Amino acid sequence: MERRSFLKMSAALGCAATVTGCNSSSDDANVIPPQPPVTDEVVNWSSCLVNCGSNCPIKVFTKDGIVTRVETDHQVTDEYGLHEVRACARGRSLRQRNYAVDRLKTPMKRVGERGKAEFVPISWDEATSIIAEKLAAVYAQENGAKSVFRSYGSGAYYGFASNACFNRLFNLNGGYLNAYGNYSWAQQMEAAKHTFGTGSTSGSSTITIEDSDFFLGVAYNPSEIRQSGSGEGYDYLQALQRNNGLEVVMIDPRYTDSMLGKESSWLPIRPGTDAAFAEAVAYVMINHANFAGQSLPFVLEHSVGFNKQSIEDQKAIFAASSDATDQEYAKVMNSDENYQDYILGQGIYTDAKTPEWAEKICGISAEKIRYIAGKLMTAKAPYIVVGAGVNRQANGEQSMRSLYMLSVLTGKLGTRGASNGELPYMSSMSRAGIPTGSNPVKESISFFTWSEAINHGETMTARSHGIRGTDGLDTPLGANIKFILSASDSSLLNQHAEINNTADIFRNAEDLFIVSCDCWMTPGAKFADIILPDTSWLESNDLVNDSYASGSLGYLTAMSSSVETMWDCKSMYEAAAMIADKMGVGAGFRDGKNEDEWLEELYQSTKANSNNIGVSPAFPATYKEAQEIGFFRKNMNDNHVALQSFVKEGKALSTPSGKIEIYSAELAWRAANWDQESETKVKGDTITAIPQYTVTWDGYEDEGTKEDYPIQLAGYHTKGRTHSSYHNVPWLREAVEDAVWVNPMDGAKHGLSSGDKVEMYNERGSIEVTVRITPRVAPGVFALGQGAWYNPGNKRGSTGHIVDEGGAINSLTRYQPSPVAKGNPQHTIRVAIKKI
């Protein structure tokens with residue numbers, strides 16, 4: 001069966017549930033329209049605002065102020081380009097989430113030990129007075145603004161009543177400590193910056209896959225990560241249908257839903273060994289018969305660092321520059337450290353990166369490595385894409401840069417159908433948000449190092465922790481974090497690394513004050529001093545766009561509600577405004593406007609944005625009228641081709657050299673000046689000018705942990721949650737099993753069967769999980785969906801930690817910022833198991 005036929009059959013089966021009656025003819029379905037279960041319903045548009053990248057619209061039906069049901073978009077003829085935006089199971093379960101038993105109902109104050117969830121209800125007046133008093137006291141201290149921190153939160157992508165309201169509050173009172181990077185993409189953003197001068201999401205648009213003749217996906221899983229009916233997964237499916245003969249090779253420890261017959265071959269790989277695989281493919285490519293005539297001229301013209309001469313030439317340019325930074329780069333550049341010599345085992349390097357060398361490390365056969373290299377060299381337009389899971393490893397910067405090299409070596413970048421390994425470029429409609437004002441604090445920490453900054457912020461520097469905005473490498477940040485505002489944010493505990501360590505920091509930090517603003521009693525909220533109950537999406541009026549990975553279709557939802565705010569909840573805007581009042585800056589915060597006036601102003605700004613020209617239906621005159629319509633869409637016609645303007649038009653890249661940097665002078669400078677393995681004593685904590693496979697802590701080749709913790713554990717995103725959001729919805733827990741995937745060979749080895757309970761543990765923690773035996777995971781690798789809620793029980797595990805009965809994978813991960821990005825390595829995990 002051809003792939004196109006298979007995909008169409010899959011789509012038809014997926015729609016079969018909507019057909020309620022059929023006649024005897026095989027080609028003529030008698031479709032009976034569904035009858036509304038409740039009459040006299042009111043219909044409003046809302047949105048699913050979790051951080052999956054889509055912000056799908058939700059059609060909400062209510063009666064007497066109670067949500068009776070939710071549906072998704074079915075307003076237009078479903079033709080690709082202006083198609084329907086069908087929400088996944090998460091968005092469709094919003095009624096259950098809205099009425100969850102753990103909804104927060106009133107402000108609360110902690111009266112017991114942090115983490116024990118011992119609170120008493122208080123009034124909003126008392127809650128905001130306490131917060132204002134604590135916040136004012138922190139600001140009154142030396143460097144006080146640098147002690148104020150809003151932790152990374154992405155659980156509610158509002159346009160107006162968002163967590164940005166608290167940034168506005170802070171800036172009116174003196175500012176707050178900034179953070180750079182994010183949990184998802186930190187290391188790949190650094191890798192792309194130091195290779196292409198981009199931000200890691202500038203790959204060729206997904207629609208251009210229709211012109212590819214070979215597809216290589218490494219940890220690429222849009223069908224699960226981007227499930228929306230207008231998400232990247234839908235675009236990927238559409239592109240495969242239009243290019244039915246495309247050979248698709250997927251490399252992943254798991255057989256994902258992005259495969260399931262859509263792939264030509266699946267090559268399971270050991271976690272954290274992607275760079276070894278990439279270097280072996282590069283070895284074969286460089287030795288291929290086509291390389292000298294086809295690829296080498298492109299590489300030498302458009303990049304720096306392939307060979308010794310290219311580095312010498314760039315070094316001379318930097319040395320002659322009047323720019324002080326360029327001159328600093330020239331001092332540390334070493335042309336002996338060139339990519340060609342490293343891969344071939346020449347010059348100062350002794351070991352060639354052959355397929356046989358890589359096979360022992362990554363688990364992909366030398367034969368398959370040679371095959372992929374050959375296909376990349378002979379294809380006219382090879383599309384390479386690397387999923388973000390690769391970057392969330394110990395020294396994931398090296399893995400990402402190593403894989404990016406393959407696109408350069410093909411010599412075909414800038415051609416439609418080819419891509420450079422970055423995630424696909426996607427545009428979106430624009431929407432205005434509440435302005436936050438100017439932050440006078442110039443320093444920023446990595447998003448990942450906040451927990452360390454609670455006790456050691458005073459001494460953290462650029463050299464040791466990548467602090468930005470300080471004067472010189474050794475000027476300390478000069479302040480510990482003393483006030484944390486966590487809004488729509490599970491990184492406060494559940495999504496941050498090494499949960500037990502973070503919990504201990506919270507328990508022992510006597511001068512730390514934590515405020516949690518959320519809708520539900522999350523694991524992190526249990527550690528707060530004050531809890532503020534937020535309004536839910538179904539209770540909100542707001543203006544939201546289609547977020548960052550919604551595919552080729554742009555859209556905007558003018559949210560409205562016929563549901564009264566339940567209990568004593570208030571929006572983040574209202575909460576921040578009340579605190580502003582108590583701190584004497586309420587007038588500045590409100591700027592003379594109520595919520596309706598804010599929303600009207602933001603709507604008018606959105607309406608006037610040139611990026612939104614051509615929206616369907618046309619924007620009406622006022623926000624209230626827009627709420628009546630509810631949903632607007634536009635074909636964004638994304639046809640971006642990675643590096644086309646650089647290759648075809650000669651436009652310089654935003655790298656120091658203006659070229660593709662196989663050798664990064666900036667990373668050479670960091671290697672010479674930042675703390676690395678010799679100072680940190682952390683295996684694999686190294687920075688190199690060229691991408692290099694690195695043996696890291698807890699990696700496949702880490703002999704220090706292999707014996708005690710023989711199993712590599714791979715984390716992944718499940719369809720039943722977005723990170724940790726929606727975990728408290730029973731429907732989704734029934735639909736998507738939370739179990740650790742175990743290959744049948746490993747099941748036999750460890751005496752495991754589906755349904756067994758095991759303790760998975762290491763020196764950082766223990767979790768209790770159910771086993772699912774499946775061939776959909778590589779031998780030697782266990783796989784567990786991330787985002788389950790931390791729920792410590794009463795028994796001690798094998799390494800002395802309280803067993804997390806919730807099965808949160810971050811009970812097992814390590815807090816160890818990566819070398820370049822100071823980012824998140826939470827997919828690097830080794831464990832042992834014990835049957836319960």
Side-chain angles (χ1 to χ4, degrees), residues 187 219 251-253 268-280 351 353 357-364 389-403 448 497-498 500-501 675-688 691-716 740 742-743 746 749-750 760-767 777-784 786 798-799 801 809-834:
Q187 298 187 66
I251 297 174
D252 201 298
I269 190 170
R270 294 180 178 122
T273 64
D274 306 272
F277 161 77
E279 289 174 3
D351 298 320
K353 307 306 176 187
W357 163 81
E359 178 180 358
K360 298 173 184 176
I361 299 169
C362 70
I364 298 176
V390 173
N391 97 118
R392 293 189 291 269
Q393 298 277 355
N395 211 333
E397 296 96 338
Q398 294 283 40
S399 295
M400 296 300 298
R401 293 179 68 216
S402 296
L403 288 162
F448 191 63
E498 205 166 338
N500 289 315
N501 174 60
D675 289 348
Q676 294 190 76
E677 186 172 340
S678 59
E679 292 83 22
T680 64
K681 309 303 180 186
V682 175
K683 183 180 292 184
D685 200 9
T686 58
I687 302 172
T688 57
Q692 296 183 0
Y693 168 68
T694 306
V695 177
T696 69
W697 54 268
D698 280 16
Y700 174 72
E701 293 193 281
D702 181 16
E703 298 297 334
T705 53
K706 255 186 177 181
E707 184 173 344
D708 291 336
Y709 307 112
I711 298 165
Q712 284 192 281
L713 178 62
Y716 66 92
V740 60
V742 178
N743 185 276
D746 291 313
K749 177 180 177 181
H750 296 285
M760 287 199 300
Y761 64 92
N762 57 27
E763 61 190 17
R764 296 178 285 276
S766 293
I767 65 175
V777 63
V781 178
F782 287 17
L784 180 66
Q786 61 93 32
S798 299
T799 54
H801 297 281
I809 199 170
N810 285 322
S811 292
L812 304 171
T813 56
R814 177 176 176 177
Y815 171 79
Q816 180 54 59
S818 65
V820 178
K822 304 304 178 188
N824 165 21
Q826 289 171 213
H827 285 331
T828 297
I829 318 169
R830 294 199 76 100
V831 297
I833 63 164
K834 184 169 72 176

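Because the structure is predicted, anything quoted here is derived from the model rather than measured.
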Partners passing side chain to side chain contact (heavy atoms under 4.5 Å, CB included) against Pro691 (at least two apart in sequence or in another chain)
Tyr339, Gln398, Arg401, Ser402, Met405
Any sub-3.5 Å donor-acceptor pair from Glu679's side-chain atoms to Gln676's backbone N or O?
yes
Here the pair of heavy atoms bringing Asp252 nearest to Ala219 is OD2-CA, 3.2 Å
About how many Å separate CD1 of Ile251 and CD1 of Ile269, when rounded to the nearest 0.5 Å?
6.0 Å
Give, for atom OG of Ser766 and atom CG of Leu812, the distance between the pair rounded to the nearest 0.5 Å.
7.5 Å
Quick one: list whatever passes salt bridge (Lys or Arg N to Asp or Glu O under 4.0 Å) with Asp675, sequence neighbours left out.
none
Taking all non-hydrogen atoms of both residues, which atom of Ala783 and which atom of Val777 are closest, and how far apart?
CB-CG2, 3.9 Å
Are Val831 and Tyr761 side-chain neighbours, meaning at least one heavy-atom pair lies under 4.5 Å?
no
Roughly how far, to the nearest 0.5 Å, is NZ of Lys353 from CD of Glu279?
6.0 Å
Would you mind reporting whether Gln816 and Val682 have side-chain heavy atoms less than 4.5 Å apart?
yes
How would you list, by chain and number, every residue that makes a salt bridge (Lys or Arg N to Asp or Glu O under 4.0 Å) with Glu707, sequence neighbours excluded?
none
Which residues share a side chain to side chain contact (heavy atoms under 4.5 Å, CB included) with Gln187, sequence neighbours left out:
Asn391, Glu397, Ser818, Ala821
Give a yes or no on whether the backbone of Gln692 and the side-chain of Thr694 come within a donor-acceptor separation of less than 3.5 Å.
yes
Applying side chain to side chain donor-acceptor pair (under 3.5 Å), can you list everything that pairs with Asp702, at least two apart in sequence or on another chain?
Lys683, Thr705
Check the pair Leu784, Leu713 against side chain to side chain contact (heavy atoms under 4.5 Å, CB included), reporting the backbone distance first and the verdict last.
CA-CA 7 Å; Leu784 180 66; Leu713 178 62; 4.0 Å; yes
Partner set under ring pair (Phe, Tyr, Trp, His ring centres under 6.0 Å) for Tyr716, not counting sequence neighbours:
Trp741
Ala280 meets the side chain to side chain contact (heavy atoms under 4.5 Å, CB included) criterion, sequence neighbours left out, with Ala358, Ile369
Can you name the side chain to side chain donor-acceptor pair (under 3.5 Å) partners of Glu701, sequence neighbours left out?
Tyr693
Without swapping roles, check the side chain of Gln712 against the backbone of Pro271 for a donor-acceptor pair under 3.5 Å.
yes
Sequence neighbours excluded, which residues qualify as side chain to side chain contact (heavy atoms under 4.5 Å, CB included) partners of Arg764?
Glu498, Asp698, Asn762, Arg814
Side chain to side chain donor-acceptor pair (under 3.5 Å) against Tyr709, all qualifying residues, sequence neighbours excluded:
none
Which value, rounded to the nearest 0.5 Å, describes the distance between Glu677 atom CD and Thr696 atom OG1?
10.0 Å
Once rounded to the nearest 0.5 Å, what's the spacing between atom CD1 of Ile833 and atom OG of Ser798?
11.0 Å
Test Asn395 against Thr686 for side chain to side chain contact (heavy atoms under 4.5 Å, CB included), laying out the working first.
CA-CA 8 Å; Asn395 211 333; Thr686 58; 3.7 Å; yes
Inter-residue atom distance Ser811.OG - Asn501.CG, 0.5 Å rounding
11.5 Å
Provide the closest heavy-atom pair for Trp357 versus Ala276 in the form atom of the first, atom of the second, distance.
CZ3-O, 3.6 Å
Polar contact flag, side-chain donor to acceptor under 3.5 angstrom, Glu763-Thr799:
no
Report yes if the side chains of Asn810 and Gln826 come closer than 4.5 Å at any heavy-atom pair, otherwise no.
yes
Can you sort out the partners of Lys834 under salt bridge (Lys or Arg N to Asp or Glu O under 4.0 Å), two or more places apart, ordered by chain and number?
Glu759
For the residue pair Gly823 and Phe448, what are the closest heavy atoms and their distance?
O-CD2, 3.4 Å
Could you tell me if Lys706 sits above the aromatic ring of Tyr700, with its cationic atom closer than 6.0 Å to the ring centre and no more than 45 degrees from the axis?
yes
List for me each residue that meets side chain to side chain donor-acceptor pair (under 3.5 Å) alongside Ser399, sequence neighbours excluded, and say none if there are none.
none
If you apply the rule side chain to side chain contact (heavy atoms under 4.5 Å, CB included), what do you find for Val781 with Asn743, and how did you get there?
CA-CA 8 Å; Val781 178; Asn743 185 276; over 6 Å; no
Any side-chain heavy atom of His750 sitting closer than 4.5 Å to one from Ile711?
yes
From CA spacing to verdict: side chain to side chain contact (heavy atoms under 4.5 Å, CB included), Phe782, Asp746:
CA-CA 9 Å; Phe782 287 17; Asp746 291 313; 3.9 Å; yes
